[in-house]
Amino acid sequence: MELIIQNASCGYGTKNIIKDISVSVKSGEILCILGPNGVGKTTLFRTILGFLKLQSGEILLDKENIRTWSKKRLAKAISYVPQEHTPPFPFIVFDVVLMGRTAHLDMFASPSKKDKEIAEQAIDTLNISYLKNRIYTEISGGERQMVLIARSLAQQAQIMVMDEPTSNLDFGNQIRVLQQINNLASKGFGIIMTSHFPDHAFLCSTKAALMQKNDKFIVGNVDDVITEDNLKSAYGVNVKIISINVNGEIIKSVVPLLN
């Protein structure tokens, strides 16, 4: 499965936020989108998910324009992991994950035995079975993020959209979430994620995109997009990209220069 965003312009009503961008992600790929606040990353996601009307251009899924798709059909194809989610009631973790099956249920229908089995499998896949009967609002931020990814997995959509999946997490939980994102890509899911950390693109992305306030949009291989010059242009700060050889594997990291 391949999601193609082609010459897309997005915004609110007549107000244009994003102009004429093109990018794609297919099964097994991870696209990491970076850029400063206010450039339209969330606007792009809301448009992909059908919450905002595309101003111009096309969004295609396996070459079919999704503009006319029902919300239910779209939810079966594209799932969403928000930055943070606090339900109005203290649901247990299993019930939160089970909510991922909503797109597959008829109106007023209750989850079937198969739906519950799929939710169980999603929980097992992310190795969070120990949380199954915990109250979602009482677990840590890192654990909640894993639960939201499990909910997305239970939705069984082949394209996953993740809005800053490591936001507000400590260093250890950031790495655990990135590891799970890599694992999901290896299972054939196509993933579009945003991040404020260029290192995340080096750690897990197949390709990267950099959005800037001057409507400049750069997309391509991670090494071609995440460069010192491009990061300075986007964020207005000086950085140095260093390479480290770890057991024969070259790992890159972005180091800010404070002086």
Side-chain angles (χ1 to χ4, degrees), residues 1-13 15-35 39-83 100 103-104 149 152-153 155-165 181-195 198 200-202 204-226 230 234:
M1 181 172 285
E2 184 175 19
L3 178 73
I4 300 174
I5 301 167
Q6 190 167 285
N7 304 121
S9 294
C10 314
Y12 298 84
K15 183 179 181 181
N16 181 263
I17 304 295
I18 299 170
K19 186 181 297 182
D20 196 32
I21 68 169
S22 296
V23 67
S24 66
V25 62
K26 57 187 176 182
S27 298
E29 288 185 339
I30 301 172
L31 167 67
C32 184
I33 302 177
L34 298 111
V39 294
K41 298 186 294 295
T42 299
T43 301
L44 176 61
F45 277 6
R46 288 177 60 82
T47 306
I48 293 172
L49 295 163
F51 301 137
L52 292 175
K53 184 178 179 181
L54 190 65
Q55 293 180 333
S56 64
E58 294 181 314
I59 299 178
L60 309 173
L61 198 54
D62 281 349
K63 300 182 180 179
E64 185 177 353
N65 195 320
I66 66 174
R67 182 178 289 190
T68 60
W69 286 19
S70 67
K71 289 184 179 180
K72 186 170 185 178
R73 184 183 179 192
L74 193 59
K76 289 181 179 179
I78 304 174
S79 63
Y80 176 54
V81 179
Q83 291 183 34
H104 299 269
I149 295 173
S152 178
L153 187 59
Q155 198 167 324
Q156 292 189 316
Q158 287 301 300
I159 301 294
M160 293 183 171
V161 173
M162 300 186 178
D163 192 0
E164 296 184 34
I181 291 172
N182 273 335
N183 289 339
L184 291 173
S186 71
K187 295 178 186 296
F189 291 92
I191 298 169
I192 305 175
M193 59 176 278
T194 56
S195 177
H200 291 178
F202 287 129
C204 68
S205 293
T206 310
K207 59 177 72 171
L210 186 60
M211 301 175 69
Q212 301 186 41
K213 291 183 178 179
N214 57 3
D215 291 329
K216 190 175 182 182
F217 184 79
I218 306 170
V219 62
N221 294 326
V222 178
D223 289 342
D224 295 331
V225 174
I226 309 303
N230 285 344

Undergrad: Using modelled atom types and a 3.5 Å cut-off, is there a donor and acceptor pairing between side-chain atoms of Lys71 and backbone atoms of Gly50?
TA: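 Absent.
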Undergrad: Distance from Ile191 atom CD1 to Leu3 atom CG, nearest 0.5 Å?
TA: 13.0 Å
Undergrad: Identify the two heavy atoms, one from Leu49 and one from Ser79, that lie closest to each other, and give their separation to 0.1 Å.
TA: CD2-O, 4.4 Å
Undergrad: To the nearest 0.5 Å, how far apart are NZ in Lys187 and CG in Leu153?
TA: 8.5 Å
Undergrad: Heavy-atom distance under 4.5 Å between the side chains of Cys204 and Met193, does that happen here?
TA: yes
Undergrad: Distance check, rounded to the nearest 0.5 Å: Ile149 atom CD1 versus Leu184 atom CG?
TA: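 Ile149 CD1 to Leu184 CG: 7.0 Å, rounded to 0.5 Å.
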Undergrad: May I ask you to test the Tyr80-Gln155 pair for a side-chain heavy-atom distance under 4.5 Å?
TA: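 In short, these two side chains do not touch, never coming nearer than 4.5 Å.
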Undergrad: Check for a donor-acceptor pair, side chain of Gln6 on one end and backbone N or O of Leu60 on the other, with a separation under 3.5 Å.
TA: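 Checking the backbone N and O of Leu60 against the side chain of Gln6, no donor-acceptor pair under 3.5 Å is found.
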Undergrad: Write down the atom of Asn230, the atom of Leu210, and the distance for their closest heavy-atom approach.
TA: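 That would be O-CD2, 3.5 Å.
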Undergrad: Under a 3.5 Å distance rule, please check whether Lys41 uses its side chain to pair with a backbone N or O of Glu164 as donor and acceptor.
TA: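 No, Lys41 side chain to Glu164 backbone: no donor-acceptor pair under 3.5 Å.
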Undergrad: Dump the intermediate steps for side-chain contact (heavy atoms from CB on, under 4.5 Å) on His104 and Lys76, then the final yes or no.
TA: CA-CA 7 Å; His104 299 269; Lys76 289 181 179 179; 4.0 Å; yes
Undergrad: Shortest non-hydrogen contact from Thr43 to Cys10?
TA: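 The pair with the smallest heavy-atom distance is CG2-CB, 4.0 Å.
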Undergrad: Is a donor on one side and an acceptor on the other found under 3.5 Å between the side chain of Thr47 and the backbone of Leu54?
TA: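 Answer holds: no.
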Undergrad: How far apart are the closest heavy atoms of Val39 and Ile18, and which atoms are they?
TA: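 Of all heavy-atom pairs spanning Val39 and Ile18, the closest is O-CG1, 4.0 Å.
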Undergrad: Can you see whether Asp20 engages Ser9 through a side-chain donor-acceptor pair at a distance of less than 3.5 angstrom?
TA: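 Checked: Asp20/Ser9 side chains show no N/O donor-acceptor pair below 3.5 Å.
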Undergrad: Looking at Leu31 and Ser24, what are the two nearest heavy atoms and their distance?
TA: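 In terms of heavy atoms, the two residues are closest at CD2-O, 4.5 Å.
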Undergrad: I'd like to check Pro82 versus Asp163 (side-chain heavy atoms, cut-off strictly below 4.5 Å). Are they in contact?
TA: no
Undergrad: Starting at OH of Tyr12, measure out to CZ of Arg46 and round the result to the nearest 0.5 Å.
TA: 5.0 Å
Undergrad: I'd like to know if the side chain of Asn221 and the backbone of Asp223 have a donor-acceptor N/O pair within less than 3.5 Å.
TA: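 No; judged by distance alone, with no hydrogens or angles, the pair does not exist.
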Undergrad: Let me see the working for Leu34 and Ile226 under side-chain contact (heavy atoms from CB on, under 4.5 Å), right down to the final yes or no.
TA: CA-CA 9 Å; Leu34 298 111; Ile226 309 303; 3.6 Å; yes
Undergrad: What is the minimum heavy-atom distance between Ile17 and Gly11, and which atoms define it?
TA: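 Shortest heavy-atom contact: CG1-CA, 3.8 Å.
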Undergrad: If we ignore hydrogens and angles and just use 3.5 Å, is the side chain of Gln55 paired with the main-chain N or O of Lys15 as donor and acceptor?
TA: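 Side chain of Gln55 to backbone of Lys15: a pair is present.
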Undergrad: Between Thr194 and Ile33 (side chain of the first, backbone of the second, donor and acceptor by atom type, cut-off under 3.5 Å), is there such a pair?
TA: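 Judged by distance alone, no pair lies under 3.5 Å.
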Undergrad: Count the heavy atoms belonging to other residues, nucleotides or ligands that lie under 6.0 Å from NZ of Lys19, then report whether that count exceeds 12.
TA: no
Undergrad: Could you measure the distance from the CD1 atom of Ile159 to the CD atom of Glu29? Nearest 0.5 Å is fine.
TA: 9.0 Å
Undergrad: Measuring from Ile181:CD1 to Cys32:SG, what's the distance to the nearest 0.5 Å?
TA: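 Answer for the CD1-SG pair, Ile181 versus Cys32, is 8.5 Å.
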Undergrad: In the structure I gave you, are the side-chain heavy atoms of Gln212 and Ile218 within less than 4.5 Å of one another anywhere?
TA: yes
